[in-house]
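Just below is one structure, and these are the notes that go with it.
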2 protein chains.
Amino acid sequence: MMDTTTFSALAEPTRLRMVEILKDGPLSVGDIAERLELRQPQASKHLRVLLEAGLVEVEAAANRRNYRLRTEPLEAMDAWLEAYRKLWSERFDNLDDYLRKLQSKDNS
Amino acid sequence: MMDTTTFSALAEPTRLRMVEILKDGPLSVGDIAERLELRQPQASKHLRVLLEAGLVEVEAAANRRNYRLRTEPLEAMDAWLEAYRKLWSERFDNLDDYLRKLQSKDNS
DNA sequence: TAGGAATATTCCCGTCAAGGAATATTATAA
DNA sequence: TTATAATATTCCTTGACGGGAATATTCCTA
């Protein structure tokens, strides 16, 4: 059973971009706001949602607050997806079978 | 760049359950409503969202409409996750390194 | 301790999504 | 063609969400 909180958090385009930006390392609120061309309050608000979803963590550094990506929810998504991967690999196998049959017909 | 449509669709618990139920094969609206204890209109409405998100496809069969899971959006999620997998595998590697160092210290 | 930079929070407003109930639509069978 | 089963759509209401603007908070530094 997958927690929909992660999906909710990532369903907002700005927050998805935040996650993508944070992939390369922690950033302060100001940096994030600047890169995404957001006003600071909006950045803080979206970061709060990501924080409560467990997708980021904060570390206070002097005046700044550095947000770092947390991978646990993404790992959970990855694990959730596991049950579905066989669906498209099966299809691929079927196609593979089909192509093999075609080839053996060609050779006969 | 990941389309947030998939996340939006899956952010709703009922729709996520629909996807999970459809993993084992196509189902009619009535079957879905029954299994999830939904009223039929709500089932239809949620299925419409999934349909527009490309997460399901419909096939009319007599009086029924059978909804089948489509894997493309899930494959896209899987591909999107790829860029993040190294984040937790790296951590694992670091832990692995750490444990190796501990062990070599023990042996000295 | 006062000032200022960085960040968080609150309030307000408009929009949108979801459920309930009723109704419309489609297709089958008699 | 008509009755009925299965499904879709509409209307209504309510609550949550996101942006803007203003303000509060926190922490450093002079």
Side-chain angles (χ1 to χ4, degrees), chain A residues 1-22 24-70 73, chain B residues 1-22 24-70 73:
Chain A
M1 220 181 333
M2 171 82 188
D3 188 8
T4 55
T5 307
T6 305
F7 289 137
S8 296
L10 298 178
E12 214 287 325
T14 299
R15 287 195 294 264
L16 183 62
R17 293 171 65 202
M18 283 182 166
V19 165
E20 291 176 342
I21 269 192
L22 289 173
D24 303 320
L27 289 174
S28 70
V29 176
D31 288 343
I32 295 171
E34 185 182 9
R35 294 209 196 182
L36 302 186
E37 297 182 357
L38 297 173
R39 309 180 192 283
Q40 174 267 319
Q42 319 304 330
S44 285
K45 281 192 264 190
H46 281 303
L47 285 167
R48 189 182 215 277
V49 176
L50 290 176
L51 187 66
E52 287 170 350
L55 276 160
V56 298
E57 59 190 5
V58 212
E59 186 192 10
N63 226 359
R64 316 272 175 83
R65 308 199 80 198
N66 292 317
Y67 283 82
R68 177 193 309 268
L69 191 63
R70 286 186 73 249
Chain B
M1 218 181 336
M2 170 83 188
D3 186 10
T4 54
T5 306
T6 305
F7 289 137
S8 296
L10 298 178
E12 214 287 325
T14 299
R15 287 196 293 265
L16 183 62
R17 293 172 66 203
M18 283 182 168
V19 166
E20 292 177 340
I21 269 191
L22 290 173
D24 303 321
L27 289 174
S28 69
V29 177
D31 287 344
I32 295 171
E34 185 182 9
R35 292 209 197 184
L36 302 185
E37 297 182 358
L38 297 172
R39 309 180 193 283
Q40 174 268 320
Q42 319 304 329
S44 285
K45 281 191 266 190
H46 281 303
L47 284 168
R48 188 182 215 277
V49 176
L50 290 176
L51 187 66
E52 287 170 352
L55 276 160
V56 298
E57 58 190 6
V58 211
E59 186 194 10
N63 225 358
R64 315 272 174 84
R65 308 199 79 201
N66 292 318
Y67 283 82
R68 178 192 309 267
L69 192 61
R70 285 186 74 251

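The sequence lines fix the lettering, A, B, ..., with proteins before strands; numbering per chain opens at 1. Any value given below was found using the heavy atoms of this structure, including those in side chains, with hydrogens, waters and symmetry copies removed.
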Notebook entry, point to check: Got a second to check how far R35(A)'s CZ is from E37(A)'s CD, nearest 0.5 Å?
Noted result: 12.5 Å
Notebook entry, point to check: To the nearest angstrom, how far is R64(B) atom CZ from dA8(D) atom C1'?
Noted result: 16 Å
Next item on the list: Could you check how far CG of L50(A) sits from P of dC17(D), rounded to whole Å?
Entry: 14 Å
Notebook entry, point to check: How long is the gap from CZ on R65(B) to CG on L51(B), to the nearest 0.5 Å?
Noted result: 8.0 Å
Atom pairs and distances, side-chain donor-acceptor, residues 3-13 of chain A, under 3.5 Å, sequence neighbours left out:
{"from": "D3(A)", "atom 1": "OD1", "to": "T5(A)", "atom 2": "N", "distance (Å)": "3.2"}
{"from": "D3(A)", "atom 1": "OD1", "to": "T5(A)", "atom 2": "OG1", "distance (Å)": "3.0"}
{"from": "D3(A)", "atom 1": "OD2", "to": "T5(A)", "atom 2": "OG1", "distance (Å)": "3.0"}
{"from": "S8(A)", "atom 1": "OG", "to": "T4(A)", "atom 2": "O", "distance (Å)": "3.2"}
{"from": "E12(A)", "atom 1": "OE1", "to": "T14(A)", "atom 2": "N", "distance (Å)": "2.9"}
{"from": "E12(A)", "atom 1": "OE1", "to": "R15(A)", "atom 2": "N", "distance (Å)": "3.3"}

Next item on the list: Could I get the full list of side-chain hydrogen bond (donor to acceptor under 3.5 Å, both in side chains) partners for R48(A), not counting sequence neighbours?
Entry: E52(A)
Check: For Y67(B) and dA6(D), is the shortest distance between a side-chain N/O and OP1 or OP2 below 4.0 Å?
Finding: no
Note to self: What does the B/S/- profile of nucleotides 19-30 of chain C look like, 5' to 3', with a 4.0 Å heavy-atom cutoff to protein?
What the structure shows: BBBB----BS--
Check: Taking only N and O in the side chain of R65(B), is any of them less than 4.0 Å away from OP1 or OP2 of dA6(D)?
Finding: no
Checklist line | Pairwise distance CD1(I32(A)) to CD(Q42(A)) - rounded to 0.5 angstrom | finding: 14.0 Å
Checklist line | Bend angle of the helix from dT1(C)-dA30(D) to dA30(C)-dT1(D), from helix axes over five pairs at each end, nearest 10° | finding: 10°
Note to self: From CD of E52(A) over to P of dG18(D), roughly how many Å is that when rounded to an integer?
What the structure shows: 12 Å
Check: Of all of residues 27-36 of chain A, which get a heavy atom below 4.0 angstrom from DNA chain C, listed by number?
Finding: S28(A), V29(A), G30(A)
Check: What residues form a side-chain contact (heavy atoms from CB on, under 4.5 Å) with R17(A), not counting sequence neighbours?
Finding: L36(A)
Note to self: If the condition is side-chain hydrogen bond (donor to acceptor under 3.5 Å, both in side chains), which residues does D31(B) pass it with, not counting sequence neighbours?
What the structure shows: S28(B)
Notebook entry, point to check: Can you name the side-chain hydrogen bond (donor to acceptor under 3.5 Å, both in side chains) partners of E34(B), sequence neighbours left out?
Noted result: none
Next item on the list: Mind listing the closest non-hydrogen atom pair of P73(A) and L55(A) along with its distance?
Entry: CB-CD2, 3.8 Å
Margin query: What is the distance, to the nearest angstrom, from the CZ atom on R48(A) to the C1' atom on dG19(D)?
Written below: 17 Å
Next item on the list: Heavy atoms only: give me the nearest Q40(B)-V29(B) pair and the separation to one decimal.
Entry: CG-CG1, 4.3 Å
Next item on the list: Tell me, please, which residues at least two apart from E20(A) pass side-chain hydrogen bond (donor to acceptor under 3.5 Å, both in side chains).
Entry: W80(B)
